[in-house]
Structures are given as structure tokens and as C-alpha cells.
Protein chains: 4
Amino acid sequence: MASAGKPRGERRTFIEEARRAQIIECTIAVLASHGYAHASLATIAERAGISKGVISYYFDGKEDLIAQVHAETMMLVTKLVLPAVATEVRASDKLRVYIEGSIAFVETHAAHATALLEIWNGLRTPEGRPAFDARSHEPGLEFLEGIMRQGQKDGEFRPFVPRIMALAIRGAIDCVLLQRVAYGDKVDLREAARELVALFDAAMRDVSGPRPTSAAPPPKARRGRR
Amino acid sequence: MASAGKPRGERRTFIEEARRAQIIECTIAVLASHGYAHASLATIAERAGISKGVISYYFDGKEDLIAQVHAETMMLVTKLVLPAVATEVRASDKLRVYIEGSIAFVETHAAHATALLEIWNGLRTPEGRPAFDARSHEPGLEFLEGIMRQGQKDGEFRPFVPRIMALAIRGAIDCVLLQRVAYGDKVDLREAARELVALFDAAMRDVSGPRPTSAAPPPKARRGRR
Amino acid sequence: MASAGKPRGERRTFIEEARRAQIIECTIAVLASHGYAHASLATIAERAGISKGVISYYFDGKEDLIAQVHAETMMLVTKLVLPAVATEVRASDKLRVYIEGSIAFVETHAAHATALLEIWNGLRTPEGRPAFDARSHEPGLEFLEGIMRQGQKDGEFRPFVPRIMALAIRGAIDCVLLQRVAYGDKVDLREAARELVALFDAAMRDVSGPRPTSAAPPPKARRGRR
Amino acid sequence: MASAGKPRGERRTFIEEARRAQIIECTIAVLASHGYAHASLATIAERAGISKGVISYYFDGKEDLIAQVHAETMMLVTKLVLPAVATEVRASDKLRVYIEGSIAFVETHAAHATALLEIWNGLRTPEGRPAFDARSHEPGLEFLEGIMRQGQKDGEFRPFVPRIMALAIRGAIDCVLLQRVAYGDKVDLREAARELVALFDAAMRDVSGPRPTSAAPPPKARRGRR
DNA sequence: AATGAATGAGACTTCATTCAT
DNA sequence: AATGAATGAAGTCTCATTCAT
């Protein structure tokens, strides 16, 4: 039950917001380094240098904590990737920026990315079924499908089932993240981004005929990759 | 500890082997239906209609049981997919059969496939690090890379980094499995197989020049981004 | 520990007295609605719209708070029932008024009555022994016994052991309260009062012989039973 | 969830039945001596000289344990009181035997009686409402009401509301138990039984006129009360 | 006079593991 | 070869209490 005394309303003091952020940050770190199953409240509290009770004070139990970490991280990755995608006009450019941005997120926010993967894989319903299963990919998948349908309408992409293509993109990015987690710096993320962009460009581009909108060159100057 | 009397050597009676197989089978079923974290020895024993002690008798603890389930399942999937691949000659055909076989395995051995995913995601070292992380993909990845290198040598495939392409294939297949787990029959595996084959065929095939056995395949010009 | 600065002496400012009364009132409400075990300081503070610290400021811990709630409520029920009893002369009338008043208290002060029951049942010494056990009934029991002895001396009542009769009256009233708590409005308290009066009148009245003080008619007109 | 491995089926081994009985016995003792709120599993296990886990092994959690203690004790008191009641024919005799039996149970099974009272008072729903509130008295109350209605039909009892009379009887007995708990041997249970029988006999007996079935004298010889 | 923040003990539960039979 | 019984550690959660501000 949402017991009393916890500052879960809208009004948040400065110190409270700081603690909350600190706990979330530590949870991400522990998720990344210990894995979902070993991310106990005790470990998290120890890392934060606080007592376990504080976590219960700020969050409605472990489930709530994990859910908020998930939401916060999803918001972060969305905020970092989507705006860049929105600046592009052509579907192929959108996808390129999406892939590049996703891989860049893995590089700049390794712990966040790993924690996200842990949550996706580890969070379960009481009966053991995945709680953030493929369903939690939905928003991202639908976003990708939207881009693909646009590309197909514009004649930029060949015909294919958008859902499968979107799955392939997500799976590829996640698999690269896994490699990064396993092998660390030995995995060249720049190269991975470059290759994945080329891979899916080749996989989707329509080479069967003349570009329908050939008269319409890229409406904006080619943006350098970095 | 590996106490004396346990039949863990090579010599195994028939009944022993049967028990062992039964336990492994039940573990797979429980992993698939309850998830890694909820797959307790009690649940497995109950499903097998035996007492928990028997599991300890045949396996050196839970970790050992899971490891053997993993090995057994990997062996199974390998046995079902690789021979078919070996009957093909051209790299593109090998890849097609590999993808089709992998997706078919998901369909015919749903529990095995799900259990495998659960183990990959859930099994950890005592410190919390993934025990069957990306490293356990290695054999499969290297197998795929070998096919790709062959295709590139034959001029069938364009130049690309085999490792990344292999990762993308594995990721795509795993993601389709996740969808299947999440959405069940609503996911059309035949369609998925067809689409993935087309996807990676388009992604890899060399369309720049004359066909496969031409005299001079593109050595490695243009590792350009597009 | 009773730290300095807390207004626990006699001298109390108006605002202090108001806070104290407010906390006690809220404690009664929470006891009645949540039960003893679930009446946490957090819940009480929340209901009062104050912080938990205030309660510690005005009371020496939870035990002290409950004790004061008990004392206050006992005082209230005494103040409401005893004066009416005192206006009667004959023992049978006193008992009638006592029962009617007790049941009326249950009706007009439902939360107080329920809270009292919760305290009687729930409050324990640190070792787990009832802290407000039967002993806390003592004043009320002795009061009833006094009335009975008077009635026996006057020849109004037959001979019986006053203590047991007093226990029966208290038990009957408490049991009616329990029914009220459990079944709410479906329990007709007017009827219960009427029946209990008749029950104990029949149980105690001496019908063996002529009224000793038959010459002394009821000194006041029979008060309507409702 | 009813986890696996617990012997909760019908088949019970001897040793298992013994453990189960031992745990229930210890729970009754701890309930009686420590009160409901302080009857933790740790205390119960300590008293039984076993580890906490054993309790979980034999019972589905604390709630289940308490429920079984309740059921077992109710069964015991029923088994001890009801047969004796059934041997009587006249309602007044049935009630006499019921009261005598109930008080005798308090004397011979003090811990059981106290534990029962603790459960009635202490067991709550998650929201804090009584779980074995007055409702759990229902069977007993209805049994008493049945006797009373028979007595009224036979003309043995005067008219009154059976439910209130039944409540009064239960309340009186419980209150005597409370006194016993509080004052121990100083409370004379024989006297209490004698007095309560006389009390309720006087309260219920119809003295208004001739016995309706006066022609039918007591069908069996008066059984000496002691 | 009051508050928000933090603590730490204690409760219940789950589960891998051990052991006598 | 197998079982039932038992253990003990670890996890999550609640809550009275303390304390600096």
C-alpha cells in the first residue's frame, strides 16, 4: 500500500530530488554491474552509502524503483535519439541517425544501456512471465515501422514487412550492446554503427528502378556523420 | 561438493541416463514457463514427480544443472541446424538454410528456445556477471562469420565486417523469438523466416559487379559508409 | 525518553492543548478504521495532516499515546454514562440506565467505542501480556458490583455473586459492540438495549417473595424505554 | 502460492503429523502467553526448538498456520461441548450443559481458550478489518439461537430476541475467560459456571403462567450438575 | 513548535543445500 | 537410488524512533 509519509506527490524538495536521483543512479550502476537478479536493495543501498530503509522511503518497494529506473532511462534514450531523427527528412536518413544515435547511447551511457537490457530481460510478473517483455519494445518498434512505411511510400525502400525489419534493427543493436558488455573496449562501436547503417541501407533500399523522387534531391545538405 | 556415489563419470546405467534426461527436460519446461528467476528446484522436482534430493544426486547443484541444460540444448539446436547447412554449397544458400533452420527450431522446440534465452539472460556468476553472456554466442557467431568470409571470397557477398553482420543475424533471430514468447501464435514464424532471409540476402549480396565466380571479385575497395 | 521541552507538565498553552486533542482524535479514528496492529504513527500523522515528529513531540512514544487515548476515552464514557445512573435511586433503574447509556455510547460514539475495544485487545506489555486486560475493567466492574449489592440489600435483587453478574453485563455489551463493528447498521442497537435490560432485569430480580420495600413505589415516573 | 514440496495432501506420514501437531501446539502456547501481535514465527520456532523454515515447510505461511490453529481449536471445543449438549432434551438443560462445558473448557484447556480469543481479536484482513470478527462466532451463535427457539416453542422460555440472548451468553463466557487470564487461579470457574447457569436460567425461564406442556414432565431424570 | 530525512530492528518468505534413513 | 525433513542465509518490507534544521 502506498503508505504515508513518503514524498510521492508533486512537490519535491531539492534534497529529496537529489536523493531520488542518487538512488536511481546507483540502481542503474548495480543493475549494470551485478545483473538484475543480484541487484538487491541491500547492494543498492550499500553502494549509495545509505540504509535500505531510505529506498523504501523514496520508492514504493523494489518494483516501483525498477519501474522508475526504466521510465527514466527510456526517457533519456528517447530524448537523446529522437530529436536528431526528427531533423531528418528522408526515411533512410532517419534510420541512419536512429542507428547511429542508439549505438552512440551505448557508448556514452554504457551503464544505462546495460541496465535497460537487464530490466527488459529480468523483470517478471509474480508468475514468472516477462513484465517488460517484447511489449515494452512496442513504442520503439512502432516508431521504426512508421519510418519504414514512409520510406516505402516515398519509393525509397523496397517492399518488406516493416515489423520484421524493425525487429531486426532492434535485435542487432541489442546484440552489439551485449558484445560491448562482454568484451568491453575491444568492440569498436564506431565501426558497428557504420556497418549496421550500411547493412540496413542495403537491406531496405529499392534498387529495382529509377528513384521516383529523383527530381527531389536531398532537401538539406548532407549532414556529416559527426 | 561432488560427494562420492554420484554417477557423474562416463559409465552410466540406463536408468541413470533416463533420470538425467527427465530432469533436464523438466528443467527446460519450467524455465520456459516460469522464467529463470522463478525456476526453483522445488518446482522442477514437482514437475518431474520426484523429490528435490534426486536433483542434487544427479547434478552438482543448480548451477551445474543449468549448465548441462544449456549444453544439451545448444547441442540439440546445433544438431538440427548445422547438417542442413552443410548440404548447401553457396554461402548465400547456407545462410538461408541457417536462418530458416533457426526459426524452425523456435517453432518446433519452443520450450527449448525459450529456455535457452532465459539461461542467456539469467545465469550469472556469483558476482553477478553474465555467465553465458555474449561469449556463449561465440561458436555460433564464428560459424556464421566463416560462411560470410566464404561468400566474400567467392564474390557472392559485398564487403562488410563479418562479425557485425553475424551479430545482426543472431540479434534478429533472438528478437523474433522474444516476439513469439510475448505474442504467441500471433507472430507468423514462416513470414519471419522468409523476410529475414530476404533482408540479409539484400544486405549482403554483391550487386556492384558480375556474378559470383567472376575472375576478380571486389578485393576490398570502398569500405565506405554507404 | 522524556526529553526536555515537551509540554508534558500541567502548564499547557491553548495551541498545545488543541494539538494534543487533535492527535488523540485522529488516533481514535485510525484505531477504529484500521485496527490496532495497522494503526501506525505514519497513518495517524497523515490523517492529522502533520508530520510524525509532532506525535513524538507531544507523546512519549506510541505506548504513551495509546495510554492517553485509553484514559481519555474511558473518561468520556464515564462522564456520559455515570451521571445519568446517579440520578436514579433504585438499583434496577441504575442498571437499566447503565445498560442503555453504554449501548447509546456505542451508537453516538462508534469510533470511540471501537477504538476502546481495539486497545483492550491489542495493547500489550513488551513481553506480550495484555496491558489493558481485565484489570482495566476493574473500575467499571466495581461500580456495577456496588449497584448490585445495593439492590440485594434493598431486597430488589435475588442473591447472586455480583462479580459474575457484572462480568456478564460487560461481556454482553462488548459482544453487542463487536456485532455492530462486524455487521454495521444491520445490528439494531435500540433493540439490543431493550433486550439486555429485560434480560438482566429478569436475571436479577427477586421474585421469590413479597417486595420488602413494597410500600415505596417507584420514586419517579417510569422513564420511557426509548 | 502453494509452493511445491510441502506435504499438504491427504497422505501424511507419522513424523509429519507429529511435527504439524507440535507446531500447532507451540503456536497455541505462544498465542496464549505472548498475545497475537507478538506471536512471531521466530518465537514459535524458538519455542518448538526448530528453525523458522520448518514452519514454512508445513504451513503455507503464517496466515495458514493461524487458520489451522483456529480450525483445530474450534474443532476441539466443539467436540468437547456439543456431544454433551446433544444428550439433553430440554432447552434449559442444553443451555446449562453448554455453559458448563464452555467454562470447563476454559479450565481444562486454558491455553487453547486464550489462543482462540487472541485469534478472534487479533486476526485482521490486510486492510486492518477483523478477519475472524463476530462472523466467526456465527456457528456458535446460531447453535445457541436454535436451542433458544426450541425452548420458546416448548413454552419453557419467555419471549425474547434469541440473537441478543446468544450474544450475552457468549460475551459472558468470554469475559470470564478474560478474568481467568488476568487473575489466574483467583477466579473460581466452578462458581462462575454455577452463577452463569443460574443467571441465564432466570433470564430466560417463562414464569408467567402454567407450563404449556405441563403434562409432559422432564422426560429424563434430572442429571446432577456435579 | 515542527518537519523531513534517515536509521535499524524485526517480521515474513523463499530457496538451495545438506543429511539421516 | 531416493526421499522427506530440516536448515540458514538472503531478500523485501514495515515501522517506531531519532535528529539536525
Side-chain angles (χ1 to χ4, degrees), chain A residues 1 3-7 12-13 15-16 18-19 37-45 49-65, chain B residues 1 3 5-7 13 15-16 19 37-45 50-63 65, chain C residues 1 3 5-7 13 15-16 19 37-45 50-63 65, chain D residues 1 3-7 12-13 15-16 18-19 37-43 45 49-63 65:
Chain A
M1 83 206 66
S3 64
K6 299 185 188 179
R12 289 205 184 107
T13 70
I15 195 169
E16 182 195 323
R19 262 276 182 267
H38 290 76
S40 69
L41 293 188
T43 309
I44 295 168
I50 58 180
S51 80
K52 280 183 298 179
V54 183
I55 299 177
S56 296
Y57 184 77
Y58 284 96
F59 298 90
D60 245 0
K62 192 180 189 181
E63 197 178 346
D64 179 50
L65 170 61
Chain B
M1 77 208 66
S3 64
K6 299 190 185 180
T13 71
I15 198 170
E16 279 169 357
R19 266 268 185 270
H38 291 78
S40 68
L41 292 188
T43 308
I44 294 168
I50 58 178
S51 80
K52 277 182 300 175
V54 185
I55 300 178
S56 298
Y57 186 79
Y58 282 96
F59 299 90
D60 243 3
K62 192 178 189 182
E63 198 178 347
L65 169 61
Chain C
M1 75 209 63
S3 64
K6 298 190 186 180
T13 71
I15 198 171
E16 278 169 359
R19 264 270 185 270
H38 291 76
S40 69
L41 292 188
T43 309
I44 295 168
I50 58 178
S51 80
K52 278 183 298 178
V54 184
I55 299 177
S56 298
Y57 186 80
Y58 282 95
F59 299 90
D60 244 3
K62 192 179 188 181
E63 196 179 347
L65 169 62
Chain D
M1 83 207 65
S3 63
K6 299 185 188 179
R12 289 207 184 105
T13 71
I15 193 169
E16 180 196 321
R19 262 274 183 268
H38 290 76
S40 69
L41 293 188
T43 309
I50 57 178
S51 80
K52 276 182 303 176
V54 184
I55 300 178
S56 295
Y57 184 77
Y58 285 96
F59 298 89
D60 244 3
K62 190 180 190 180
E63 198 178 344
L65 171 61

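Lettering of chains follows the sequences in order, A, B, ..., and the numbering in each one begins at 1.
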Distance check needed: [N] [atom2] versus [X] [atom1], whole Å only.
X: Asp60(B); N: dT17(E); atom1: CG; atom2: P; answer: 9 Å
X: Leu41(A); N: dT14(F); atom1: CG; atom2: P; answer: 11 Å
X: Lys62(C); N: dT14(F); atom1: NZ; atom2: P; answer: 15 Å
X: His38(B); N: dT14(E); atom1: NE2; atom2: C1'; answer: 10 Å
X: Asp64(A); N: dT12(F); atom1: CG; atom2: P; answer: 14 Å
X: Ile55(B); N: dT17(E); atom1: CD1; atom2: C1'; answer: 12 Å
X: Glu63(D); N: dC12(E); atom1: CD; atom2: P; answer: 12 Å
X: Glu16(D); N: dA6(F); atom1: CD; atom2: C1'; answer: 13 Å

(message) Lys62(C) and side chain to side chain contact (heavy atoms under 4.5 Å, CB included): which single residue from Ile55(C), Ile44(C), Leu41(C) fits?
(response) Leu41(C)

(message) How long is the straight-line distance from CD1 of Ile50(C) back to OH of Tyr58(C), given to the nearest 0.5 Å?
(response) 8.5 Å

(request) Would you indicate, yes or no, if dA1(F) has its OP1 or OP2 atom less than 4.0 angstrom from a side-chain nitrogen or oxygen of Tyr58(B)? (result) no

(request) Report which part of the nucleic acid Ile15(A) touches: base, sugar-phosphate, or nothing (heavy-atom distance under 4.0 Å, all strands). (result) sugar-phosphate

(message) For Ser51(D) versus Ala45(D), what's the shortest heavy-atom pair and its separation?
(response) C-CB, 3.9 Å

(message) Less than 4.5 Å apart, side chain to side chain, heavy atoms only: is that true for Val54(D) and Arg19(D)?
(response) yes

Polar atom pairs between nucleotides 7-10 of chain E and protein, under 3.5 Å, N or O only, would you list them?
residue, atom, partner, partner atom, Å
dT7(E), OP2, Ser51(A), N, 3.0
dT7(E), OP2, Ser51(A), OG, 3.1

(request) Go ahead and write out DNA chain F as dot-bracket, 5' to 3': ( ) for pairs within the strand, [ ] for ones crossing earlier pairs, | when the partner sits on another strand, dots for unpaired; Watson-Crick or G-U wobble, both distances under 3.5 Å. (result) .||||||||||||||||||||

(request) Return the set of residues passing side chain to side chain contact (heavy atoms under 4.5 Å, CB included) with Ala42(D) (not counting sequence neighbours), or none when no residue passes. (result) Ser40(D), Lys52(D)

